[in-house]
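A short write-up of the structure that comes next.
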Amino acid sequence: MRIHLIDGTYELFRAWFGAPPARTSDGREVGAVRALARQLLKHARVEALTHAGVAFDHVIESFRNALFPGYKTGAGLDPRLLAQFEPAEEVTRALGFVVWPMIEFEADDALASGAARLAADPRVEQVRILSPDKDLAQCVRGKRVVTVWKERLLDEPAVRERFGVAPASIPDFLALVGDEADGIPGLAGFGERSAGALLGAFGHLEAIPADPGAWPTGVRGAARLAATLAARRDDALLYRTLATLRTDVPLVEDLEALAWRGPDPAALARIAASLEDADLAARGR
């Protein structure tokens with residue numbers, strides 16, 4: 001069987017920025033939640049879901065904020081979006097999905113933990129993580145754990161082609177090039193090409209030689225980059241820690257609990273009434 005793990009936070013943000021706004025009669029903004037619900041049902045249809053889990057950042061902050069003050073927070077987010085976080089989880093449950101709401105950890109940690117655990121089950125043919133987030137590429141294992149977004153599937157050969165590194169080197173890669181979405185700044189001067197060349201050759205930060213003369217040929221500005229890495233190696237190691245997804249999130253659901261059987265009609269009717277979305281309610285009948 002195939003297991004589908006869905007990045008609910010990404011879906012909610014995508015809906016917020018991509019779907020038209022909509023307000024209920026009492027003035028609540030609900031457009032993103034309405035769009036999220038339809039996107040989840042589309043995933044169910046397109047991917048022919050049988051077993052699935054959806055992870056959300058119940059709050060934006062996590063344990064990583066204690067490690068690095070510049071890590072992403074909820075500061076600056078539109079209050080109308082923040083107000084839709086809990087209804088997003090509610091409608092996802094009403095649609096029949098297992099929901100993993102993260103507080104100490106992040107949604108991506110839940111996806112990584114679920115993928116690692118479920119891929120070890122011999123009944124599972126493949127785990128498909130539905131998200132475009134670059135950091136989730138570290139979860140890829142051969143063709144058994146893959147990321148999928150629209151028409152693009154990243155298995156292990158595709159990760160190497162896209163980034164120039166193995167999945168296990170993705171945290172090192174992000175430490176060098178940064179990850180703007182998570183507030184990881186990276187090291188000045190390093191781009192995807194130079195980071196890919198170095199980590200494709202040496203695997204991890206610790207293995208990159210201090211002498212740029214030992215680097216692969218063709219790395220532009222090698223001497224300057226080597227000096228930057230030497231001066232900021234501790235920063236790079238911290239950034240790698242921030243980019244490394246945890247696989248020990250205590251998810252309680254077993255494989256059977258992830259079975260998706262469609263919406264709960266009564267629960268969906270309640271949330272659809274709150275959202276004043278009659279079309280959504282009809283989908284649960």
Side-chain angles (χ1 to χ4, degrees), residues 4-49 51-62 65 72-111 129-133 149-150 181-183 251 253 257-285:
H4 291 81
L5 304 180
I6 302 172
D7 186 344
T9 298
Y10 178 82
E11 293 288 5
L12 182 61
F13 272 77
R14 183 165 75 116
W16 169 254
F17 289 106
R23 289 191 175 187
T24 58
S25 56
D26 60 1
R28 288 176 294 118
E29 177 58 49
V30 294
V33 176
R34 289 180 180 180
L36 166 73
R38 284 158 176 77
Q39 184 58 47
L40 290 175
L41 290 171
K42 181 179 178 181
H43 281 319
R45 182 180 72 254
V46 171
E47 290 283 332
L49 300 186
H51 294 73
V54 184
F56 285 96
D57 293 301
H58 190 71
V59 295
I60 299 297
E61 290 76 10
S62 72
N65 294 94
K72 67 179 179 181
T73 70
L77 286 183
D78 192 310
R80 295 171 298 170
L81 170 59
L82 288 172
Q84 294 184 75
F85 274 44
E86 289 198 28
E89 293 176 16
E90 186 179 351
V91 77
T92 301
R93 290 190 186 94
L95 290 170
F97 294 98
V98 165
V99 172
W100 293 321
M102 294 292 104
I103 297 177
E104 177 187 356
F105 299 100
E106 297 181 44
D108 286 356
D109 295 312
L111 297 173
I129 303 174
L130 304 188
S131 175
D133 282 3
W149 190 248
K150 296 183 178 179
D182 286 339
L251 307 176
E253 290 82 5
L258 295 177
W260 187 71
R261 300 180 177 87
D264 176 333
L268 190 59
R270 286 193 297 272
I271 183 65
S274 173
L275 299 173
E276 297 179 10
D277 190 341
D279 176 66
L280 181 60
R283 294 169 184 258
R285 294 174 188 154

Any idea which heavy atoms bring [X] and [Y] closest together, and the distance?
{"X": "Ala15", "Y": "Ala32", "value": "CB-O, 3.4 Å"}
{"X": "Ala257", "Y": "Val98", "value": "O-CG2, 3.2 Å"}
{"X": "Ala107", "Y": "Ala55", "value": "O-CB, 3.5 Å"}
{"X": "Pro263", "Y": "Pro265", "value": "O-CD, 3.3 Å"}
{"X": "Ile271", "Y": "Ala94", "value": "CG2-CB, 3.9 Å"}

Quick check against the 3.5 Å criterion: does [X] have a side-chain atom that pairs as donor or acceptor with the backbone of [Y]?
{"X": "Asn65", "Y": "Lys72", "result": "yes"}
{"X": "Glu276", "Y": "Ser25", "result": "yes"}
{"X": "Glu29", "Y": "Arg80", "result": "no"}

Problem - Any side-chain heavy-atom pair of Arg28 and Ser274 under 4.5 Å - result: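 Contact flag for Arg28/Ser274 side chains = yes.
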Practice task
Compare all side-chain heavy atoms of Leu268 with those of Leu280 and state whether any distance is below 4.5 angstrom.
Solution key: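 Counting from C-beta outward, Leu268 and Leu280 do come under 4.5 Å.
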Handout entry: Aromatic ring pairing Trp260/Phe97, orientation class (parallel under 30°, perpendicular over 60°, tilted between)
Key =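 If you compare the ring of Trp260 with that of Phe97, the planes turn out parallel.
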Handout entry: Arg14/Glu11 salt bridge by N-O under 4.0 Å criterion
Key =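 Yes, charged N to carboxylate O under 4.0 Å.
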Spacing of [X] atom [atom1] and [Y] atom [atom2] [to the nearest 0.5 Å]:
{"X": "Leu5", "Y": "Asp108", "atom1": "CG", "atom2": "CG", "value": "11.5 Å"}
{"X": "Leu95", "Y": "Asp264", "atom1": "CG", "atom2": "CG", "value": "10.0 Å"}
{"X": "Ile60", "Y": "Thr73", "atom1": "CD1", "atom2": "OG1", "value": "8.5 Å"}
{"X": "Phe85", "Y": "Thr9", "atom1": "CZ", "atom2": "OG1", "value": "6.0 Å"}
{"X": "Leu251", "Y": "Leu258", "atom1": "CG", "atom2": "CG", "value": "9.0 Å"}
{"X": "Asp7", "Y": "Phe13", "atom1": "CG", "atom2": "CZ", "value": "10.0 Å"}

Problem - Between Glu106 and Ser62, a side-chain donor and acceptor under 3.5 Å - result: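 Ser62 and Glu106 do have a side-chain donor-acceptor pair below 3.5 Å.
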Handout entry: Qualifying residue for side chain to side chain contact (heavy atoms under 4.5 Å, CB included) with Trp16, from Val33, Leu81, Leu77
Key =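 So, applying the side chain to side chain contact (heavy atoms under 4.5 Å, CB included) to Trp16 and each of Val33, Leu81, Leu77, only Leu81 qualifies.
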Handout entry: Sole residue of Leu111, Leu130, Thr92 in side chain to side chain contact (heavy atoms under 4.5 Å, CB included) with Val54
Key =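 Of all the options given, the one that passes is Thr92.
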Exercise for the section: Decide salt bridge (charged side-chain N to carboxylate O under 4.0 Å, His left out) for Arg34 and Asp279; before the verdict, give the C-alpha distance in whole Å, the side-chain angles of both, and the deciding distance to 0.1 Å. Expected result: CA-CA 10 Å; Arg34 289 180 180 180; Asp279 176 66; over 6 Å; no
